[in-house]
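The shown structure was predicted, so the numbers you read here are calculated from the model rather than taken from an experiment.
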Amino acid sequence: MPRVGWVKPDSDQRLSDHISLGVLTRVFPSEIIDEVLVECDRVERRNRLLPARVMVYYVLALALFASCSYEEVMRKLVAGLEWVSGWSHRWSIPTKAALFQARKRLGSEPLRVLYEKVAVALADPQVPGGFYRSWHLMSIDGLTLDVPDTDANVEHFGRPPSSRGGGRGGAFPQVRVAGLAECGSHAIVDAAIGRYGQGEQSLAESLLRSLRPGMLLLADRGFFSYRLWDLCRTTGADLLWRMKSNAVLPIEKRYADGSFASHVYPGTKARRNHTDAIAVRVIEYTLDATTPDGEPIPGAEPTTYRLLTTITDPEAAPADELAALYSQRWEIETAFDELKAHQKGAGVVLRSKIPDGVIQEVYGHLCVHYAIRTLIYSAATASGHDPDRMSFTRTLRAARRTTASHPGFSP
C-alpha cells in the first residue's frame with residue numbers, strides 16, 4: 001500500500017530492475033545471475049517484493065558490508081536510487097524477518113554455482129608473481145570462521161575444543177574452508193566448505209577439479225598424505241609441498257644442486273616391500289631465525305625446511321630456486337587474511353543461524369573477495385604494476401562507496 005507523499009512511477013519498474021552492487025556488478029552482471037537462478041530453479045512463479053535476483057545481490061552486499069545490520073545493508077543498496085529519482089520515490093526497506101525468509105527461499109546453491117561459474121584463474125605470464133618459468137603458481141590452505149551459537153549450527157559444523165566451559169568447547173561453532181588461490185593475483189579460484197572437525201586434507205580433495213597440467217601447487221606440511229599427494233599429481237599439476245622433518249626419505253641419488261631423489265610410500269609395509277612407490281625429489285635447507293629487519297634473533301634455533309616436489313629433473317627447476325619459491329605459499333595466507341580480517345572484520349561472527357544460511361554467506365564472502373581481487377588485477381595489468389603492490393583495503397572501500405554512486409546500472 002502506497003504511503004502519503006509517494007509519487008506513482010511512470011512505468012511498472014520495481015526495485016529489482018535497478019538494484020546493483022556498484023563496480024562489483026561488473027564481475028556479477030545480472031545476466032550471469034539470471035543464468036544461475038534458472039540453472040538452480042530459483043526463478044519466481046509470482047511477483048515478489050524480494051525476487052531471487054535481488055537476494056543474490058543482497059547476500060553479496062551482506063559480505064561487502066559485514067558489520068552492518070540486515071536493514072542497513074538493504075538501505076545501502078537502494079540509497080542511490082532515491083537521489084537518481086530526485087527523491088520522487090521512497091523505496092520501501094523490507095523488514096529483517098522478510099529478508100531472512102527471502103534468504104531462506106534462495107538457499108545456498110545459487111551462491112555456490114555463481115562462485116564456481118565466475119571464479120576463474122586470472123594470471124597472465126606477463127604479470128609479475130603469477131608464474132615460475134612455465135608453471136602457473138597456485139597455493140592451497142584452509143581457514144575457519146566463527147558462526148552463531150545455535151543448536152543447528154553446533155550440530156552441523158561442530159565446535160573447536162577448549163579447556164574452558166566444562167568441556168563444552170569453544171565460544172562459537174566454526175565452519176572450515178579449504179581454498180585454492182593464485183599466488184600472483186591472490187584470487188581464491190575454488191573452495192570447499194565443511195564442518196570444523198573435517199580435516200583440511202579431506203576437504204582439499206574437492207579442489208582437485210581445478211588443478212590442471214602446467215600448474216605448480218604449493219602447500220604446507222599439514223596437507224601431506226600419500227593419498228592426497230597421489231591424487232593431486234594424477235591431475236597433471238606439479239607439486240611443491242613442505243614435508244615433516246621426521247619423515248623417512250632415503251637418499252637414493254644426490255644431485256649437483258644439493259637436492260636428492262627418493263620415493264614416498266603409503267606405509268611401512270609398502271616401504272619394506274617396495275610397492276606403490278612414488279618418485280619424488282627432496283630439497284632441504286635451513287633458515288636462521290631473524291627479525292623483520294633481517295637481524296638474527298639471539299638464542300633462537302634455526303628452522304630446517306624439507307620440500308617435496310614432483311619435478312624430478314634439477315635442470316628444469318634448481319633447488320635454490322624452488323627453496324626461494326616456496327615463500328610464495330604465503331600468498332594464500334594473505335588472501336585469507338584479506339577476507340577474514342578486512343572484508344568480514346576481525347572478530348566478526350557470521351550472521352546466519354542455520355547451516356544453509358552459513359554456507360550461503362561463506363560463498364557470498366568468497367564471491368566478493370574474488371570480485372575485489374579481479375578489480376585489483378584489472379587495474380594492475382592496465383597500469384603494468386604488480387597486483388601485490390595494490391591495496392586490498394583501499395579497493396574494498398572504493399567498492400563500498402560505489403554501491404550508492406553507481407545505482408541501477410553496470411559501470
> Can you tell me if CD on Glu252 sees more than 12 non-hydrogen neighbours from other groups inside 6.0 Å?
Replying inline: yes

> Hey, which of Arg176, Arg221, Arg329 is the one that makes salt bridge (charged side-chain N to carboxylate O under 4.0 Å, His left out) with Asp141?
Replying inline: Arg329

> Given Asp34 and Val43, is the side-chain contact (heavy atoms from CB on, under 4.5 Å) satisfied, shown in steps?
Replying inline: CA-CA 8 Å; Asp34 289 342; Val43 179; over 6 Å; no

> Judged by atom type as modelled, is there a donor-acceptor pair below 3.5 Å linking the side chain of Ser259 to the main-chain atoms of Ile283?
Replying inline: no

> Are the side chain of Thr150 and the backbone N or O of Lys353 linked by a donor-acceptor pair below 3.5 Å?
Replying inline: yes

> Do the rings of Tyr132 and Trp135 sit parallel, tilted or perpendicular, given the 30° and 60° boundaries?
Replying inline: parallel

>> Classify the ring geometry of Tyr115 against Tyr363: parallel below 30°, tilted from 30° to 60°, perpendicular beyond 60°.
In response: tilted

> At what distance, to the nearest 0.5 angstrom, does CD1 of Ile188 lie from CD of Glu338?
Replying inline: 8.0 Å

>> Would you compute the distance between atom CD1 of Ile376 and atom CG of Asp388 and round it to the nearest 0.5 angstrom?
In response: 10.0 Å

> With a cut-off of under 6.0 Å to the ring centre and 45° to the axis, is Arg242 in cation-pi contact with Tyr305?
Replying inline: yes

>> Taking the basic N atoms (NZ, or NE/NH1/NH2) and the acidic carboxylate oxygens, is any pair closer than 4.0 Å for Arg133 and Glu321?
In response: yes

> Would you call Arg233 and Asp230 a salt bridge, using N to O less than 4.0 angstrom?
Replying inline: yes

> Looking only at side chains, do Ser352 and Glu361 share a donor and an acceptor under 3.5 Å apart?
Replying inline: yes

Quiz: residues 310-318 side-chain donor-acceptor pairs under 3.5 angstrom, not counting sequence neighbours:
| unit_1 | atom_1 | unit_2 | atom_2 | d |
| --- | --- | --- | --- | --- |
| Thr310 | OG1 | Asp238 | OD1 | 2.7 |
| Thr310 | OG1 | Leu239 | N | 2.9 |
| Asp313 | OD1 | Glu315 | N | 3.0 |

